[in-house]
Amino acid sequence: MKTVWVEGATGKAGKRVAAALAAVGFPVRAASRHPGSPTAGITPVRFDWADESTWTDSVAGADALFLKGLDTLDDAASLITRLIAVAPQAGHVVLMSALGVDKAPATAPRARVEHAVRESGRNWTILRPNWLMQNFDEDDAVYARAIRDDGELYAGSGDHRASFVDTRDVADAAVAVLTTGSHHGRGYDLTGPRALTFAEVAGTLAGASGRPISHVDADLETHRAHFARSGRPDAWVEHMMDLFVHVRADVFAPVTDDVQWLTGHAPRSLDDYAREVFAPAPDDDARVLTGLPQIFSPITS
Ligand SMILES: NC(=O)c1ccc[n+]([C@@H]2O[C@H](COP(=O)([O-])OP(=O)(O)OC[C@H]3O[C@@H](n4cnc5c(N)ncnc54)[C@H](OP(=O)(O)O)[C@@H]3O)[C@@H](O)[C@H]2O)c1
């Protein structure tokens, strides 16, 4: 079995890619700045894009790399080129990019990252997921905190739509391309089964949780202030604002069958996700039994 080095292994996508690979018997080196304890098949390794002295040991012994790169650095592309160079034994590089990047100008930072992978001299595959559903419950900076604390889904999106994808489907797609040894030189657009407005998303989350959750259709400047309150760097705030310009241009509206094609199963729907993650547990015992990460406490009154 080939060993796969997984970047961002504590993040929404990376942790699921690592777990899914381990579940099918592929050893994983799980890379992040905060490696935890080993679990079956998963060896956490320290890795920091900002500290090149961590790179060589981190990728040692990896036959394949699952990369996403950083969004907030101008030199993300050259960092990826240098990282691949210190892993000469890695024959396959899989990049998690983002929907629409292949249509962006060649000078756009994420387009330059894709270019760096295509020109790496290794076998490569590029996965381009749409917005991840797990932003709604796991990413406080993007949506989760405002949904949880204020019942607000902040999105300056108007009535434009996005075909949100469940991160578990991204992980399943990554496993398909990393374990079969095919899909080289290919790019795949990973979407959910339907394009939804943010108001429809809010309605679905509200219906599943039994709590009021509304779409706040802010103008872009108000939206910028919302993201700035996250405390993330200015470059991240600008990246998020750029994404909403693209939402308004319907870049994230297409629905593809690439999840079905790669994984053999239909993409999970937002209804499925909301029922699993947002439904209040009937009681604490049930929560322990199901193991589902409900984000709201049970309603007791
Ligand atoms: N979220 C979406 O909706 C979405 C959709 C499509 C594409 N994408 C792409 O996916 C990427 C984000 O993935 P995600 O949502 O899974 O990420 P995430 O949940 O935000 O997690 C970020 C990961 O990056 C790691 N990290 C942060 N800074 C690092 C550094 N300096 N060195 C090494 N590791 C670092 C973090 O680990 P530590 O903090 O432990 O180091 C963590 O594992 C972005 O490139 C984005 O363009 C995201």
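Both ligands and their constituent atoms are indexed starting at 1 by order of listing.
- For Ser269, the side-chain hydrogen bond (donor to acceptor under 3.5 Å, both in side chains) test picks out Asp272, with sequence neighbours left out.
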Can you list, pair by pair, the side-chain donor-acceptor contacts under 3.5 Å of residues 85-96, counting residues two or more places apart and other chains?
{"residue": "Gln89", "atom": "NE2", "partner": "Val59", "partner atom": "O", "Å": "3.1"}
{"residue": "Gln89", "atom": "NE2", "partner": "Ala62", "partner atom": "O", "Å": "3.0"}
{"residue": "His92", "atom": "NE2", "partner": "Thr125", "partner atom": "OG1", "Å": "2.8"}

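- Ligand 1 lies under 4.0 Å from heavy atoms of Gly8, Ala9, Thr10, Gly11, Lys12, Ala13, Ser32, Arg33, His34, Phe47, Asp48, Trp49, Lys68, Gly69, Leu70, Asp71, Met96, Ser97, Ala98, Arg110, Pro129, Asn130, Trp131, Leu132, Asn135.
- With sequence neighbours excluded, no residue forms a side-chain hydrogen bond (donor to acceptor under 3.5 Å, both in side chains) with Trp124.
- Within a 6.0 Å sphere centred on CG of Asp51, heavy atoms belonging to other residues, nucleotides or ligands number more than 12.
- Note that CH2 of Trp49 and CG of Leu83 are 4.5 Å apart. Values are rounded to the nearest 0.5 Å.
- No hydrogens or angles considered: a donor-acceptor pair under 3.5 Å links the side chains of Tyr188 and His183.
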